[in-house]
Amino acid sequence: MEKNIKFEQNTPLWDNSLSLEERLDYLTGALTLEEKIHCLTTGCPDIPRLGIHATYMGGEAAHGIEARHDQAFNKGEPEPTTAFTQPIGMSASFDRELIRECGRAVGEEARALYTRNGGGGLCRWAPTIDMERDPRWGRTEESYGEDPYLTGEMAGAYIRGMRGEDPFYIRCGATLKHFYANNVEKDRIKISSSVDRRNKNEYYLKPFKKAIMEGGAEAVMTSYNEINGIPAIVNDEVRHVLKGTYGLPGHVVCDGGDFSQTVNDHHFYRTHGETLANGLKAGIDCFTDDGELVYAAAREALDNGWITEKDIDESVRNSFRTRIRLGMFDKEGDCPYQNMGEEHINNQEHKELARKMADEAVVLLKNENGILPLDEKAEKKIAVVGPLADVWYKDWYCGIPPYAVTVLDGIREVFPNAEISHETGLSEIQIYLTDQNGEKCYVGLDQNSRLKLVKKEQAETFIFNDWGCGSMTLVAKSNGMFVTLEENTDIIKADKKEAFGWFVRESWNFKKEKNGFTLESWNKKQVFVDKAGYFSICVDNPAAEFEIEIVKDGKKAAEKTAEKADYVVAVIGCDPVINSKEEVDRTTLGLPPEQEELVKEVAAANHNTIVVLISNYPYAIGELQKQVPAILLSASGSQELGHGIADVMTGKASAAGRVNMTWYHSDEDLPDMNDYDIIQGKRTYQYFDREALYPFGYGLSYTTFSYEKMQIKKERGCVKVSCFIRNTGEKTGDEVVQLYVHKKDSRVKRPIKQLAGFERVHNIKPKEVRKVNFTVQLWELEYYDVISERMILEDGNYQFMVGASSQDIRLEQSIMIDGLHAGKRNPFQTTAADCYDAYNHMFLHRGINGSSCVIPGSAGDDPDMIGECPVEGTLIYHDFVFYKKPRKLNITLKVLETAYITVTGENGVQITAEPVDCYRMLEIDLPEDFIKTGVPETIQIRVEGKCKISKFVFA
């Protein structure tokens, strides 16, 4: 657009005296249909006659503003921004006020970048509030833990900080990700999540409700997956739940590329026009995909009569409603956040906030015999070992910080009188192969850093790091660069400064063979050596077999360093793009074996070994827990990471972080990744009924606290709980006081414990007493009743528990709460098949007219695939009361293979159902003694064979 073109501001769109809806009325009347279609993505074009500049909504802000500018669509020089701890670590602080302040800093930096660059970035795609019911999920770092209350509270605080205090204008809008049941990365762009009604309403939707209704989120992004067979982009819960029930004020976007994936990967529609039409009707406002593709799809939908201009008007209103509230059409200067400048980026206050959050995110997992805190003034020898001691890793959604403090940096700074030594624990190796003449040919670098065969004296020495699960990196010692498979070629070079990218091309796998090793690239291709001696990727050539010569044994070097020290700090953990990330789930809870072996060896050499675990997810570290006297945990991501560790290690900051996910003993504690049922699958602290390594809410302190004088009372719409805590130790410290609740004698299986409140109480002095107050809204205690098909507050006895973790309960009291008794099932009214009380080996998928059906098999199974052996499954429905003898049972179902259906009351009946191409009603004659009348009875429907059950009714 030419610079001399005038952008008109004398229109009702720019008139602040008009109501928001009046301005939008004018806008939809003034825009042409062509212009409206071009506003169906996350951007809008220049429209000078209306004063509209091209803007976009989006950009990441999980733990700071992401302005790296390193992706294909966004190339440019990075703009440094403040980097806070990963969300999983910020949440571990259990500090609402601090995370709100971090959100404010993020909002301020978003504004400052907008002032600098224009264009957009004022409605960011954060926070991620997917429920982390499985610690193997690749994106665990991005969210806030396994509890919906904690997630809603902490995310809500971050959102309020981003948003600002003005009742109308928004400093920076928050877009919640991802709606919903989005916890498996493998095949995520086509997989279906099986989620029943109780899990959905009590668990997966709860943080969205809190973040919108209490936190003030502006927008929502839908997920890639299907939910019970319906792609999230056309899930009508967007309209009815997010916008209707929760009152989302702004707009909804689909995840990046999901628009085209609905046809290309889900194969749900035949054309993109159908996706756009049904997406709009479901409540999607902005399609995050190629603009030309979206435009063509909108034209197709209009031409076929699938949508009208009115449907597009609604979308335009929603996206421009956000733009107006962001102050993009504020002629009078009423928006208090306009023109925020450079003073808001990387300023001293933001640096201090980053350090405080890094401090509060640290969790003390073990502290045997009070080995910590260490005296910062002591003249001691401290050996800092481990592959994560002197590195700082980017994650996929981080920005570029102005500086980064490693753990080694922090320890050197905080112990000025100590003698600090450092060893990575990584071995240095040379690689060779033996030619046909029995001569050793070594791997070296040519003048362009390409890997090729050379003579021994020219051999390159590589620093070898084994991250576990077949992921390893090699760094050429001569130039400090990572070995990488060059993009779009088969060339292998040592020329990358870091192992980073959507595809981590610096990841390799040495695979043991009979006579040595083969080398496999990140994309599972074998390495061979061409005729000129250069390394390349196999196509038709045989893989080369290499051998390894150890130049320096890293573990032995670390062990020798440890022997000479008074204390050892072993820094281990994850690489946030190698061990797991978006599109990469973990396959195990185990630590990388090389890291575990390193700790074992240095701990044997020096019992005063303190482990610092830099991790964005739980590990199964039971053996490590036995080997060392102290363990500190922190998530990655903060520019102040090293200071946070050092501050807690020395007691400059309180040890008061708490784990926000259950830490399990082993992989055997978890069901299949695709199982979203936390109730029957016994996931998370709410339903896990075995011993955890570290239970939810766990974390140690450098002092001790007693809990006293619990009081509880009912008020209108809420329950108020209070107690006193007393510092009974010798050091000032923070305590995270946690309130849990359990419904006794419920009709259904309820959580063993359910978080209902928490408070991080700061700087409690020895012998000091503080009062802690909690207010529990009654709606937080509701559960989903499958009989009435709604959330209800159950009448009866509720046990409230106050403690230092979900397993460390100090005080408890019970209280009667007036509510509802669940009713009884009427057998002569239709029962939806997915309104079961229990099941065995069944999953949910798409049924009739958008409803869900129930299918024998396991979550993640193909709903239409028939195997060699018929699958079996059972559905259980309690509390049917028959006021007369039933003569028939009519089941609506679709039969894919011959199925045997057994229905059991007091007695059973079996029928054979033959395959049909559509849903039909199957009529089953019932025996006279099938069921008793007048008393609650249980009905079981057992199926052998692939069929889809939609509903049933007795007659």
Is it true that the side chains of [X] and [Y] contain a donor and an acceptor less than 3.5 Å apart?
X	Y	value
Gln686	Thr684	no
Asp667	Thr588	yes
Glu34	Tyr295	yes
His178	Asp130	yes
Thr322	Glu218	yes

So how far is it from [X] [atom1] to [Y] [atom2], rounded to the nearest 0.5 Å?
X	Y	atom1	atom2	value
Ile233	Phe179	CD1	CZ	14.0 Å
Asp196	Asn201	CG	CG	9.5 Å
Asn674	Asp672	CG	CG	5.0 Å
Asp134	Tyr664	CG	OH	7.5 Å
Asn182	Ser193	CG	OG	7.0 Å
Ile939	Leu889	CD1	CG	8.0 Å

Side-chain ion pair, [X] and [Y], N-O less than 4.0 Å:
X	Y	answer
Asp785	Arg790	no
Lys200	Asp834	no
Arg747	Asp837	yes
Glu928	Arg887	no
Asp285	Arg321	no
Arg188	Glu582	yes
Glu872	Arg942	yes
Asp585	Arg136	no

Practice item. Could you tell me whether Lys209 atom NZ has more than 12 heavy atoms of other residues or ligands within 6.0 Å of it? Key: yes
Check your understanding: Crowded around Lys888 NZ? As in, over 12 foreign heavy atoms under 6.0 Å?
Key -> yes
Review point. Nearest heavy-atom pair of Gly138 and Ser580: which atoms, and what distance?
Key: O-OG, 3.4 Å
I'd like to know if the side chain of [X] reaches the main chain of [Y], judged simply by a donor and an acceptor atom lying under 3.5 Å from each other, with no hydrogens or angles considered.
X	Y	answer
Tyr617	Arg139	no
Glu185	Glu583	yes
Lys581	Trp502	yes
His266	Ile189	yes
Asp861	Ser858	yes
Arg825	Glu937	no
Glu226	Ser192	no
Asn304	Trp306	no
Ser851	Ile848	yes
Asn318	Glu314	yes

With a 4.5 Å limit on heavy-atom distance, are the side chains of [X] and [Y] in contact?
X	Y	answer
Leu670	Leu589	yes
Thr874	Tyr836	no
Ile230	Val234	yes
Arg846	Pro863	no
Arg586	Cys469	no

Check your understanding: Does the ring centre of Tyr180 sit less than 6.0 Å away from the ring centre of Tyr203?
Key -> no
Review point. Are the aromatic rings of Tyr685 and Phe688 close, with centres under 6.0 Å apart?
Key: no
Review point. Step by step, would you call Glu309 with Lys36 a salt bridge (Lys or Arg N to Asp or Glu O under 4.0 Å)?
Key: CA-CA 9 Å; Glu309 186 172 355; Lys36 293 173 184 177; 2.7 Å; yes
Exercise for review: Go through Thr662 and Glu146 one step at a time and tell me if the side-chain hydrogen bond (donor to acceptor under 3.5 Å, both in side chains) criterion holds.
Suggested key: CA-CA 8 Å; Thr662 301; Glu146 70 182 21; 2.7 Å; yes
Check your understanding: Could you walk me through whether Glu789 and Arg197 pass the salt bridge (Lys or Arg N to Asp or Glu O under 4.0 Å) check?
Key -> CA-CA 8 Å; Glu789 300 185 28; Arg197 297 186 186 216; 3.0 Å; yes
Exercise for review: Report the C-alpha distance between Lys946 and Glu897 in whole Å, list the side-chain angles of each, state the deciding distance to 0.1 Å, and finish with yes or no for salt bridge (Lys or Arg N to Asp or Glu O under 4.0 Å).
Suggested key: CA-CA 6 Å; Lys946 199 68 168 280; Glu897 65 176 336; over 6 Å; no
Exercise for review: Take Lys682 and Asp675 through the salt bridge (Lys or Arg N to Asp or Glu O under 4.0 Å) test and state the conclusion after the steps.
Suggested key: CA-CA 10 Å; Lys682 298 182 178 181; Asp675 182 357; over 6 Å; no
Check your understanding: What orientation do Phe954 and Phe880 show, parallel under 30°, tilted 30 to 60°, or perpendicular over 60°?
Key -> perpendicular
**Study point:** side-chain contact (heavy atoms from CB on, under 4.5 Å) between Leu176 and Met221, intermediate numbers included
**Key:** CA-CA 6 Å; Leu176 306 175; Met221 175 183 282; over 6 Å; no
